[in-house]
Amino acid sequence: MSRRPVVWAVLLVATAVALVPIGYLVSLAVRPPADVLNSSLLPSAWTLNNFTSVFDTIELGTMLQNSWISAIGAALLAVVIATPAAYFTARRFRGEQLLTVLLASYCAPPIVAIIPLFFLLRDVGLTNNVFGLIVVNGVANVPVAAWLLDGFVRRIPVEIDEAAVIDGLSVAGAFRKAVLPLLWPGIVAALLVVFFLSYNDFLFAVYLAVTKESQTLTVGLSLFQGDRNVQFGQQAAAGLLGILPVYVLALAAQRFLVGGLSVGATK
């Protein structure tokens, strides 16, 4: 008996389950305020006013811009640091121990670093600043990027490095001219993973960027939770506007994401 129908059935069920929250978010976003609390999955009335009025409730355009800038900057910073670090951990004696230390630091709860980070950023004038979020999220996600890239480096034969050195290149030159061009699939995967992690960050953003000019989307979504009234429809609309381009990016780059995570998991 062929297993293909069973596999397809399981995949369809898993996809449906994964899309239920997104479908309900869409349902909330297109409801008028009077229809939000009727407890039904489908709206009894439809409106698109939530998608326009949300820009008057919060600075959604600025928040989306800050989220994208901070996430892209953090991804670039993390990969710039993690790429040579992964080359060292993959090629040098006891490099795996360094990688273990890096990953162990990532396991610590981020909340323990909030107070020292706040004072450090305040001393250099980077609180309430998107660049401060870039630095914090970029450095915080270096272990993840290094872990992903370490697996890619290990798949590149060490003979390529040795041949480059024999031809007269230094170790740094061999890395730059012989290994780095082969690492681009891993670099793209690491950029995407760090981007998504930074884009979804709430903890650092809510403590280190409190002004309207520096707040990100995740902080903006929390502002709808008032003491007496919660604009569920506008909150859902803001969430959809925030995740839609990220979903498109994830679908377009799924080959790099799957490849990067599988290499990191099976190395």
Side-chain angles (χ1 to χ4, degrees), residues 17-26 28-29 54 58-79 81-82 103 105-114 117-118 121 128-148 187-225 232 234-254 256-258 260-261 264-265:
V17 171
L19 291 178
V20 166
I22 304 300
Y24 190 64
L25 193 65
V26 174
L28 286 177
V54 67
I58 61 173
E59 298 291 337
L60 183 59
T62 301
M63 292 174 178
L64 286 171
Q65 175 180 291
N66 291 339
S67 292
W68 276 87
I69 292 175
S70 62
I72 293 174
L76 292 173
L77 177 62
V79 170
I81 298 173
L103 291 175
S105 66
Y106 189 77
C107 295
I111 189 65
V112 302
I114 285 297
L117 281 174
F118 174 80
L121 292 180
N128 298 322
N129 192 304
V130 175
F131 186 72
L133 294 179
I134 291 175
V135 173
V136 171
N137 282 306
V139 174
N141 287 299
V142 165
V144 176
W147 171 68
L148 289 171
I187 290 174
V188 173
L191 284 170
L192 290 169
V193 170
V194 176
F195 171 84
F196 294 138
L197 291 174
S198 301
Y199 189 85
N200 294 325
D201 168 69
F202 174 76
L203 182 65
F204 293 141
V206 76
Y207 280 100
L208 303 177
V210 298
T211 61
K212 291 183 178 180
E213 295 77 17
S214 62
Q215 287 174 336
T216 60
L217 175 65
T218 53
V219 178
L221 292 176
S222 69
L223 299 179
F224 288 96
Q225 302 295 329
F232 289 107
Q234 293 185 23
Q235 189 177 38
L240 282 176
L241 293 173
I243 67 174
L244 182 59
V246 178
Y247 265 66
V248 173
L249 176 61
L251 289 174
Q254 61 179 326
F256 294 100
L257 282 172
V258 174
L261 294 175

Please report, to 0.1 Å, the donor-acceptor pairs under 3.5 Å made by any side chain of residues 188-195, with sequence neighbours excluded.
none

Under the side-chain hydrogen bond (donor to acceptor under 3.5 Å, both in side chains) rule, collect the residues that match up with T216, sequence neighbours excluded.
-> T218
Given the rule in the side-chain contact (heavy atoms from CB on, under 4.5 Å) test, do L223 and Q215 qualify, once you have shown the distances and angles that lead to the verdict?
-> CA-CA 11 Å; L223 299 179; Q215 287 174 336; 3.9 Å; yes
Closest heavy-atom pair and its distance - A71, S198 = CA-CB, 3.8 Å
Closest contact, heavy atoms only, A145 versus A82 = CB-CB, 3.5 Å
For the pair Y199 (side chain) and G242 (backbone), establish whether a donor and an acceptor sit closer than 3.5 Å, ignoring hydrogens and angles.
-> yes
Any residue meeting side chain to side chain contact (heavy atoms under 4.5 Å, CB included) with [X], in chain and number order, not counting sequence neighbours:
| X | answer |
| --- | --- |
| A238 | V54, L60, L221, F224 |
| Y207 | I111, I114, L203 |
| I243 | I22, L25, L240, Y247 |
| Y106 | N141, P143, V144, L197 |

Side-chain contact test, heavy atoms from C-beta onward, threshold under 4.5 Å: evaluate it for N66 versus E213 and give yes or no.
-> no
With a 4.5 Å limit on heavy-atom distance, are the side chains of M63 and I58 in contact?
-> yes
Going from [atom1] on [X] to [atom2] on [Y], what distance comes out if it is rounded to the nearest 0.5 angstrom?
| X | Y | atom1 | atom2 | result |
| --- | --- | --- | --- | --- |
| N137 | D201 | CG | CG | 4.5 Å |
| I187 | L76 | CD1 | CG | 11.0 Å |
| I134 | I72 | CD1 | CD1 | 9.0 Å |
| L77 | S70 | CG | OG | 12.0 Å |
| L133 | S214 | CG | OG | 7.0 Å |

Applying the side chain to side chain contact (heavy atoms under 4.5 Å, CB included) test to L208, which of L121, N128, N129, V135 qualifies?
-> L121
